[in-house]
Trainee: 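The structure is given below, and queries will be raised subsequently.
Heavy atoms only: backbone and side chains are in, while hydrogens, waters and symmetry mates are out.
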Amino acid sequence: MSELPASETTTAQDIHDLMNEATMWLQYSRGVTTTLADLIHEAEEVDLRRLALALEAIAAMTRQGASQLSEARATAHWIAAIGDANNA
């Protein structure tokens, strides 16, 4: 990526940042899922309303991570397309 002009280097950094944030959100989601599963296994009774809220939070974290991965991938393809067009 060192061959990219300065404006595209910034975009490459943006891709890197998006990938890091996506990874962070997906790790949070995995951690909360594991913790929730452990709590449910140990619980004598489960509050279904709280369980539903926790599952919605997990879904939101997963959705955020997936969205950022999609954005990073689209940006990477955009950079590749611009590079191909400039080289043609």
Side-chain angles (χ1 to χ4, degrees):
M1 292 252 166
S2 60
E3 300 173 18
L4 294 174
S7 62
E8 292 180 13
T9 302
T10 301
T11 305
Q13 182 61 44
D14 292 342
I15 293 170
H16 182 72
D17 292 344
L18 283 168
M19 294 292 284
N20 283 340
E21 288 182 35
T23 301
M24 177 191 71
W25 281 112
L26 294 172
Q27 287 174 341
Y28 285 160
S29 177
R30 185 185 65 199
V32 171
T33 301
T34 302
T35 302
L36 183 61
D38 289 344
L39 290 173
I40 290 172
H41 284 297
E42 295 173 5
E44 295 195 17
E45 59 183 61
V46 176
D47 182 338
L48 295 180
R49 288 180 190 236
R50 286 187 177 179
L51 176 60
L53 285 173
L55 291 172
E56 288 172 4
I58 292 167
M61 288 184 280
T62 303
R63 191 170 36 252
Q64 181 66 23
S67 174
Q68 288 179 320
L69 282 174
S70 295
E71 186 177 343
R73 185 170 186 197
T75 304
H77 283 291
W78 179 255
I79 289 173
I82 289 172
D84 289 346
N86 288 340
N87 293 331

Trainee: List for me each residue that meets side-chain contact (heavy atoms from CB on, under 4.5 Å) alongside Arg50, sequence neighbours excluded, and say none if there are none.
Mentor: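 For Arg50 the side-chain contact (heavy atoms from CB on, under 4.5 Å) partners, ignoring immediate neighbours, are Asp47.
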Trainee: Using the test side chain to side chain donor-acceptor pair (under 3.5 Å), find all partners of Glu71 that sit at least two apart in sequence or belong to another chain.
Mentor: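 Partners of Glu71 under the side chain to side chain donor-acceptor pair (under 3.5 Å) test: none.
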Trainee: At their closest point, which heavy atom of Ala66 faces which heavy atom of Leu26, and how far apart are they?
Mentor: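 For Ala66 versus Leu26, the nearest heavy atoms are N-CD2, 4.4 Å.
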Trainee: Indicate the atoms forming the closest heavy-atom contact of Ala22 with Gly65, along with that distance.
Mentor: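 So the two residues come closest at CB-O, 3.3 Å.
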Trainee: To the nearest 0.5 Å, how far apart are CD1 in Ile82 and NE2 in His77?
Mentor: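 It comes to 13.5 Å.
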Trainee: CG of Leu39 to OG1 of Thr34: how many Å apart, nearest 0.5 Å?
Mentor: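 Leu39 CG to Thr34 OG1: 11.0 Å, rounded to 0.5 Å.
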Trainee: When clusters are formed from ILVMFWY side-chain contacts under 4.5 Å, directly or step by step, what else is grouped with Leu51?
Mentor: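 Joined to Leu51, directly or through intermediates: Met24, Trp25, Tyr28, Val32, Leu36, Ile40, Val46, Leu48, Leu55, Ile58, Met61.
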Trainee: Does one hydrophobic cluster hold both Leu18 and Ile79, with members joined at side-chain heavy-atom distances below 4.5 Å?
Mentor: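 Leu18 does not cluster with Ile79.
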Trainee: What residues form a side chain to side chain donor-acceptor pair (under 3.5 Å) with Gln68, not counting sequence neighbours?
Mentor: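 Partners of Gln68 by the side chain to side chain donor-acceptor pair (under 3.5 Å) criterion, ordered by chain and then number, come out as Glu21.
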Trainee: How close do Ser29 and Thr62 get, counting heavy atoms only, and between which atoms?
Mentor: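 Closest approach of Ser29 to Thr62, heavy atoms only: OG-OG1, 2.6 Å.
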Trainee: Using the salt bridge (Lys or Arg N to Asp or Glu O under 4.0 Å) criterion, which residues pair with Asp38? Sequence neighbours excluded.
Mentor: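 Partners of Asp38 under the salt bridge (Lys or Arg N to Asp or Glu O under 4.0 Å) test: none.
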